[in-house]
Structure formats: structure tokens, C-alpha cells
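The structure under discussion appears below in the form of C-alpha cells.
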Protein chains: 2
Amino acid sequence: MSISEICLNVKSASRELAACPSGVKNNALMKIAQELQNHKEEIFRANEKDLRRSEAENLPAPLLKRLKFDESKLSDVISGIHSLIRLEDPVGKTLLSTQLDEGLELYKVTSPIGVIGIIFESRPDALVQISTLCLKSGNGVLLKGGSEALETNRALAGIIISASEEAGIPKGWCSLLETRSDINELLRQDKYVDLIIPRGSNEFVKYIMDNTNIPVMGHADGICHCYIDAYADPDMALRVAIDSKTQYVAVCNAMETLLVHKDIAGTFLPLFKKAADERNVELFGCSRTAAIIDVKPVPDDDWRREYLDYKLSVKIVDSLEEAIDHINKYGSGHTDAIVTSDEQRASRFLSLVDSGNVFWNCSTRFSDGFRYGFGAEVGISTGKLHARGPVGLDGLVIYKYKLLGKGQIVADYAEKKRSFIHKKLNKDFPI
Amino acid sequence: MSISEICLNVKSASRELAACPSGVKNNALMKIAQELQNHKEEIFRANEKDLRRSEAENLPAPLLKRLKFDESKLSDVISGIHSLIRLEDPVGKTLLSTQLDEGLELYKVTSPIGVIGIIFESRPDALVQISTLCLKSGNGVLLKGGSEALETNRALAGIIISASEEAGIPKGWCSLLETRSDINELLRQDKYVDLIIPRGSNEFVKYIMDNTNIPVMGHADGICHCYIDAYADPDMALRVAIDSKTQYVAVCNAMETLLVHKDIAGTFLPLFKKAADERNVELFGCSRTAAIIDVKPVPDDDWRREYLDYKLSVKIVDSLEEAIDHINKYGSGHTDAIVTSDEQRASRFLSLVDSGNVFWNCSTRFSDGFRYGFGAEVGISTGKLHARGPVGLDGLVIYKYKLLGKGQIVADYAEKKRSFIHKKLNKDFPI
């Protein structure tokens, strides 16, 4: 089958899936969890093949670790599915109900987006999380995982597809794409695919964004900041900044630039330098920073660096406003934190920093769907439309307006025979 | 100033505007209403110039009518502003509040999108509606109106900008673009502009969608359907179908294709033909329709025609499912109605038709922000993301996640020293 035929099939199935009752979807999720357990040896064997091939191809150790799918990963994804079953169905919620006139009722009701194409990195557990999130939110899905995980993905997708279809989910709702060239074909299917979510390197996400007419949700950069205000408690500032930078460096919500108010720089920076040295964090700083602690100059004076490594840019600012402006100019709209004991200054920072996640007195690393309590996430969005920040079930639905009448026509209102009453109903969609 | 500098200015102002209290925004709206009233002679004089020039250029009469801005239009836009003042501020609403842990609280709070570029048709009243909707929703705006209305738009924008800025709205929040080449420059400003809303002909909207990296919200086609089910009351079906087609033919929510169930076609079509003839509606139909009433064949057998005229395509279908499939295949996701007395069949239609507005027993012409009670609309969206159907204030905001802590770090949770509690708070954002 061509990619276009596959996409058409997913589209057709997605229309039926949109009307699937919660019970059917939850049973299918239960069945998926059971069948993953029942077929675990098959999955582990497939994963062994991927691991052996990738070792032979000298895949770096951290990537091998991500690729590994063992009892512990299986147990994680299965418990993830059980949490997902417990979450409320995001489809069919009435967001607004208005009586336009006697017997003419308007309902705004959540509905799935349709067909979502998700291109993800080498972790095979991502395949399970993403496909089950799409199922619960009633969306058809096209999955393309990392080629290192080919065999594991095939095994997982096979089990998920057959278990869900046996449980009554419309045939064809989920499909696995396998090659790079499939991606390029996918990007052309704007007739059938409603949304692309790419996860991966900056370059990859930018490539996707530049090469499709389909809306793309995600983030290219994660240039996150901590701003240490003049009114910060230095100990708290130190804990938050060190955690933001070092708790896990290779991720999008790690701090890449530290901004320090001039009035606290003399106290704070030497403390920070010592802690950073202990953790082998290499510091690059502005000239005023260099006058206080030993730092290298920021390469090319480029404040848009996303190191994803034990490296950090440091800048002294004269005011809260300068910090806000710096973040709005050089940041990527992902996650930015202020440390201060002054509530008014915190409030101003949270209002004016134009990012999806803005934090007061806590680490940027909290920016994550699991930590936010969303069950899971399909990705983090730095866009300004539809969904921002970690995207869970709620970001995978949109709404429809459903209007129920008894034969009303617009001419009667245009000719002033009748007029609108626009009364709030607070009522769920009834049929 | 270059377009790029103008956009940068609007962007800067929009960040301050995002934090503007409701009172300031409502006062500014009040002031705008007053100043439009105070400067009405100036506006009418400018409009006279536009009208005289357009008459000399032989602009068709319906367009001249749309271009006219007189006492009655002024009174409409001023009463529109007063309704807008009474609507709830869409910014700063807490959509979700969760206690992640003791002293670590997550809030999902609505915020403006940022900078919106709106390109609209020749009606100068649209300028007032759009700019005031953007102000109330805290967005900076770039306006480009029809060139026929150049002088009127200049007068209106001048008054709106000076009145709002005097009332404390950040300087630069609103800017008027005047030439076609400005549009092409605008489409390149993805650094500063967050959303483009084009209103106008299909070709124009498609051109915009194909020529920018900025997200576009709107609709190209409005291929709306009425489906007359086997279980329809023929009189109600007739009223709804005639209103959907003829109440105003030149608009996106007018019916373009009538689908009729085979079991009712013999009764309904002759009735419909008579009513259509009386209103000079020219009918094009499938061969089965032609066997019952006198119709021409559908030109090129093309079921995606948007006539925007006293013309209509008519097709007989064998089942509810065929009607749904036809609409999903040939429709544009705008507005589609079913007429039936069977609630289950209505429910199935409303679930499975994948359009922003799906109606039971009422005219497609109800699909409109004013009729829905939204106060006004910036446009109607047929996209599947962010906002669907008529887009009012709610479609002009997004949200931010704001996390308030007391120095929490992720390492404590990763090392299982602490764990998340994820307790719902039902509390408004407190600072």
C-alpha cells in the first residue's frame, strides 16, 4: 500500500473512532496492556535484535540505553496504560451550551482532531505512550519511530493494532511507517493528516516545519532560563539553578542561560561557580560575570545556544525588565523561571515572559507532562496556538459546534420576526 | 518605518498589553466608542472620498453598499463596542489548578496569543470590530483592509489608535498596513507575528496559506450541505433548505449542495423545485435527481462547487452513511445540516460529519459569531486546530502554565525523596 492509501485508511477509521464510546476505548486499552504482557518474550527478542545490530553499528551507550526495552520498561508502559484508563475521556465534553432561542440550542463539544502523524526518537516506550494517548483521545495515528528500534517498534505496533482492533476499535486506526522516505511522503498528505508532531533534534524538527503544509506542533529549541532576582534567597537560587542545569542535561527543559541581577551577583556567582565546578559544568559569561568569577566568553556572543550538555551561559542584568527582555528576545518560549522572594516581581515576570511555562522559585525541569499530572505527554509545544507547554490528552482534541433546532430559519431573525435570547444553559449535549 | 520595524513595535507593545488589567482595556474601549462618535464627520468625509473614487472606478453596487460607512453603520459598531465591554475578559482565566506537591502549585491561565495580522475585505466596520476584539483579548494587531476603503480605514484606525493609547493601552499595539506589497512583507514576519487571519475570496485565502510560515486561521471554501433524511418532515425540510440556500447567497455558510434520501426524494424534490424556481435558484443534479425534477447536470460532475450564487447542486443518496461520506469527501468542514425526525440518526450525523458546525433541523445560515452569541467574530475557521467555527474572543487567547514553588527541585522527586500528589485545587491563579 502507498503512504497515501495508508493515510486515507487511517482517516476513514479515525472518523468512526471519533464516535467510539469511552467504554470501548478503555477496554481496548486494557486489552493492549494484557497483550503486551502476554507477548513480552516476543517483544524482548525483537529488542535484542535491535540492540545487537545497533551495538555492531557502534551506537553510543546513552542511545543504547534508551533503545533497551526490558521488564522494567514493559512494567512502566503497562502502568502508564492503567493510569490512562483512569483519566477522564477528553472527547464529548460540553464546553459551552447556549439557548439561542426557544428550541434552538447550541453546544460546543470536544472532538478528536482526526489523524495525527508522530515522528519520534529511538525510545520504543514512546510508541506505546503515543499510540495509547491517541486511542484514548479518539485520534487515528501514523507512527514513525527511530530506525534503530525497527524490530521492537514492529512488535509493539503489531500487538497494539491487533489487540485494539479485536476490542472493537475501527480497523486501520493506527499504522507504522518504517523508512525515512515514508516521512517525506507523510509530509505531503495534508488531505488526510491533520497534525504532525515531530520529536527529535532541532534540525530535524525545523526540517519538518519547513517541509509540510500540515500544521506542526512541537518545539525546535529549548533555550530555558533561570533569572536570579536581587531579592532571591541565595541558597534557594543555588538549588534551583543547579537542578535546572544538571539534573538531566540532554533535555529540552534544562537551563541553558543563567541571568543574575547585578545586586546579587557578587554574593551569588561565587557560590554558583563552586557548585558548578563540583559538577563539571563549564561556564561561559558576559564580561561583567568574568569580573566576578572565572568564565570563558560566550562563543560568538550568541545567547541562543542550546548546549544540551554540562555547559551554561551566564549574564548579569541591571533589572527585572532587562531579564524579561533578554528572555523574550533570546529564549524559545519553552520554560523560564524566576527566583525571588518578592511576589510582585514574580507576578510581573510570570505575566510578561512570553513562554509556555513560567515558574516562580522552582526548577525548569518540572516542565513535563508526567510531573504536571497529565498522565503522559505527546510532546512539548512552544507554539502560540492550540496547545502550549506539555501536550497531553487535552491537546489532542478540538471541538465542534452542534446546533439542535426544530426547523428554525435565519430569515425569521433577519426580518425581526424572532430575536435571539442567548441564554447560558450549563447543560451537557443531550443526544 | 519598514514593515519589519512596525511588526517589532507591535510585538513589544503586545507583551505589555498581555498584562493590561480588564479595567484599562474596557476604559479604552469606552473611549474608542466616544471618540468615534466625536469624530463622526471626519469619518463620513473620508468615506465619501472612498465612495466617490470607487464609483468613478465602477465598483459594483453591492460592493459600494458594503463600503458605505454612515450613521447607521457607526451606530452598529458603537453598540458592538458596548457589547464587547460587557463580555468577560478572556485573559487571565484559570483553566486548571493542581497541587503537584506541598507548596508547589500549577496553574493553567489564559493569555493572549500575541500579535495577530488580519487582512480583511472592503467593509470598514470590520476594522472596528476586529481591532476592538484584539484589544479586549490583549493582542497586538496589524490591520490590512481593502484598498477601496483606504481613507475610511485611515480615519477609523487613527481614532482607535489615539483613543486607546490615551486611555493607557501600550503605544504601538495596533498598526494599519496600506498596500498589497505590505501583505507580502507581513507574511515574512514569522519572528513577530503569531497568527494571520485572512478574510476574502478562496483564491486570496489559499494564496496566504501557501505563502507564509505563520499559522493561518480561517477558511478558503464554504461548501455547506443540507441532508434531507428519509425521516424528515417535508415542510420543515423545505423551509430549512430554502433558507440555507437563499437567505443570503454570497456567504460562506450558504448551502451549496443538497443531499436527499432516496425514500423521500419523490415527495420532497418536486416541492423543493417549485420553491427554488420561485426564487430563481438554478438547480444542477445527479441523474437520479434529473429523473424526478428538471435539472441540468452538475458541471464537470464536480461536487466541490461553491457557487455563492442562486445555484445549487442536488444529489440523491441511498443512506445516511452515503450522505455522511459525501459530506466528508466533498465538503469543506464548514457547516452541514441534517433534517430528520429521528434522534438517533441525527446523533450519528452530528458525530460522524467532520465539520466545525453540525446542525440538526435548522438552517446552515445560523453558523455565525453574532448568532452564536459571541458578540462578534474575527472569522470562521475550518481548520482542526486551536479554534473551529466562528472565532470570537475565546479563539484569540491561548494559555500559559504558571508554576509557583518554594525552591523545589526535580532531583528530590527523581531520587524518590518526595513524590507528586497531583491534587485538583479549583483555585484561581493567586498572584
Side-chain angles (χ1 to χ4, degrees), chain A residues 15-16 18-19 98 100 104 106 113-114 194-195 209 213 215 233 236 239-240 243 247 328 343 346-348 350-352 354-363 365-367 371-373 383-386 388-389 398-411 413-414 420 422 431, chain B residues 15-16 18-19 98 100 104 106 113-114 194-195 209 213 215 233 236 239-240 243 247 328 343 346-348 350-352 354-363 365-367 371-373 383-386 388-389 398-411 413-414 420 422 431:
Chain A
R15 294 215 169 97
E16 285 287 337
T98 312
L100 303 192
L104 186 63
L106 179 71
I113 291 172
D194 298 295
L195 175 66
M209 289 175 170
N213 284 323
D233 166 53
M236 184 194 285
R239 277 165 54 81
V240 168
D243 190 80
Q247 202 274 324
N328 284 335
E343 181 175 305
S347 170
R348 188 156 175 81
L350 301 188
S351 285
L352 293 181
D354 189 14
S355 298
N357 307 278
V358 284
F359 293 180
W360 181 24
N361 289 345
C362 51
S363 166
R365 290 275 297 121
F366 281 107
S367 182
R371 291 178 197 133
Y372 277 11
K384 302 287 291 282
L385 290 181
H386 188 75
R388 228 177 160 190
I398 179 74
Y399 53 79
K400 270 181 184 181
Y401 288 103
K402 300 187 177 185
L403 183 60
L404 309 184
K406 298 187 183 309
Q408 285 87 347
I409 60 172
V410 164
Y413 299 83
F420 292 106
H422 293 140
I431 68 166
Chain B
R15 294 213 168 99
E16 286 287 337
T98 313
L100 303 191
L104 186 63
L106 179 71
I113 291 172
D194 299 294
L195 176 64
M209 288 176 170
N213 284 325
D233 167 51
M236 185 194 283
R239 277 165 54 81
V240 168
D243 190 80
Q247 202 274 326
N328 284 335
E343 181 175 305
S347 170
R348 187 154 174 83
L350 301 187
S351 283
L352 293 181
D354 190 16
S355 298
N357 307 277
V358 283
F359 294 0
W360 180 25
N361 288 346
C362 51
S363 165
R365 289 275 297 122
F366 282 107
S367 182
R371 293 181 193 129
Y372 278 10
K384 302 287 291 283
L385 289 181
H386 189 73
R388 228 177 161 193
I398 179 75
Y399 53 78
K400 270 181 183 180
Y401 288 103
K402 299 187 176 185
L403 183 61
L404 309 183
K406 298 186 182 307
Q408 285 86 347
I409 60 173
V410 164
Y413 298 84
F420 292 105
H422 293 140
I431 68 169

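Each chain gets a letter, A, B and so on, in the order the sequences are listed, and its residues count up from 1.
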*Checking A:Ile113 against chain B: side chain, backbone, both or neither under 4.5 Å from a heavy atom?*
both
_Under 4.5 Å from any heavy atom of chain B, what part of A:His422 do you find: side chain, backbone, both or neither?_
side chain
*Pairing residues for B:Tyr413 by the ring-ring contact (aromatic ring centres under 6.0 Å, His included) criterion, not counting sequence neighbours*: A:Phe366, B:Phe420
Shorter than 4.5 Å, heavy atoms on both sides: which option in [options] has the most such pairs with chain B?
options	value
A:Ala411, A:Ala346, A:Ala414	A:Ala411
A:Leu100, A:Asn328, A:Val240	A:Asn328
A:Pro215, A:Gly356, A:Gly114	A:Gly356

Contact part of [X] toward chain A, heavy-atom cut-off under 4.5 Å: side chain, backbone, both or neither?
X	result
B:Leu350	both
B:Leu106	side chain
B:Ser355	backbone

_Contact winner vs chain A - B:Gln247, B:Glu343, B:Lys400, heavy-atom pairs under 4.5 Å_ = B:Lys400
*Do you know which of B:Met209, B:Lys384, B:Arg365, B:Lys406 has the most heavy-atom pairs with chain A at a distance under 4.5 angstrom?*
B:Lys384
_I'd like to check B:Tyr401 versus A:Ser367 (side-chain heavy atoms, cut-off strictly below 4.5 Å). Are they in contact?_
no
*asked:* With side chain to side chain contact (heavy atoms under 4.5 Å, CB included) as the test, pick out the partner of B:Cys362 among A:Val410, A:Leu404, A:Leu104, A:Ile409.
replied: A:Leu104
*Apply side chain to side chain contact (heavy atoms under 4.5 Å, CB included) to B:Glu16 and list each qualifying residue two or more places apart in sequence or on a separate chain.*
A:Arg348, A:Leu352, B:Pro170
_A:Asp354 bridged to A:Arg388 by N-O distance under 4.0 Å_ = yes
